[in-house]
Asker: 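My structure is below; once you've seen it, I'll send some questions.
By convention here, the first residue in the shown sequence is residue 1. This is a predicted model, so every value here is computed, not measured.
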Amino acid sequence: MRKLATLTAAGAALAACTSAPDDRRTCAELAQARAAGQIEQEIAQLEQHEAGRPDKSEVQRKLIAMDAEAYRVAVYEGCLRRRGLTTEDRR
């Protein structure tokens, strides 16, 4: 799970390096960057909360990843709607 968070954060960092405004990014890039930011923030908060504890909550980490995926899908679909694209246009 930690590798997923690291890879997601790395993807967000790479996407941020392009410094394209939201209207220039594809909906997929925008959604991935926002979800990666969410996962990074929530994992950092969880790790801060767990500091010094012998047991780590893998269940909580999985829930964070699931929430981030749901958020990514919502951002992606919202982006498509704002741009007036249909499901056929995104293929």
Asker: Between atom OG1 of T26 and atom CZ of R83, what is the distance when rounded to the nearest 0.5 Å?
Answerer: 7.5 Å
Asker: Can you measure from SG (C79) to CD (E29) and round to the nearest 0.5 angstrom?
Answerer: 10.0 Å
Asker: Could you grab the distance from atom CG of D67 to atom CD of Q60, nearest 0.5 Å is fine?
Answerer: 8.5 Å
Asker: To the nearest 0.5 angstrom, please state how far the CD atom of E58 sits from the CG atom of L63.
Answerer: 11.0 Å
Asker: Do the non-hydrogen side-chain atoms of Y71 and V75 ever get within less than 4.5 Å of each other?
Answerer: yes
Asker: Hey, what do you get for SG (C27) to CZ (R82), rounding to the nearest 0.5 Å?
Answerer: 7.0 Å
Asker: Do you know which two heavy atoms are closest between A68 and A35, and how far apart they sit?
Answerer: O-CB, 3.5 Å
Asker: Are any of the side-chain heavy atoms of R72 and Q32 separated by less than 4.5 Å?
Answerer: yes
Asker: Under 4.0 Å between a Lys/Arg side-chain N and an Asp/Glu carboxylate O for E50 and R61?
Answerer: yes
Asker: Say you draw a straight line from CD of Q48 to CG of L46; how long is it, rounded to the nearest 0.5 Å?
Answerer: 10.5 Å
Asker: Does any part of the side chain of R34, heavy atoms only, come nearer than 4.5 Å to the side chain of Q38, both counted from C-beta?
Answerer: no
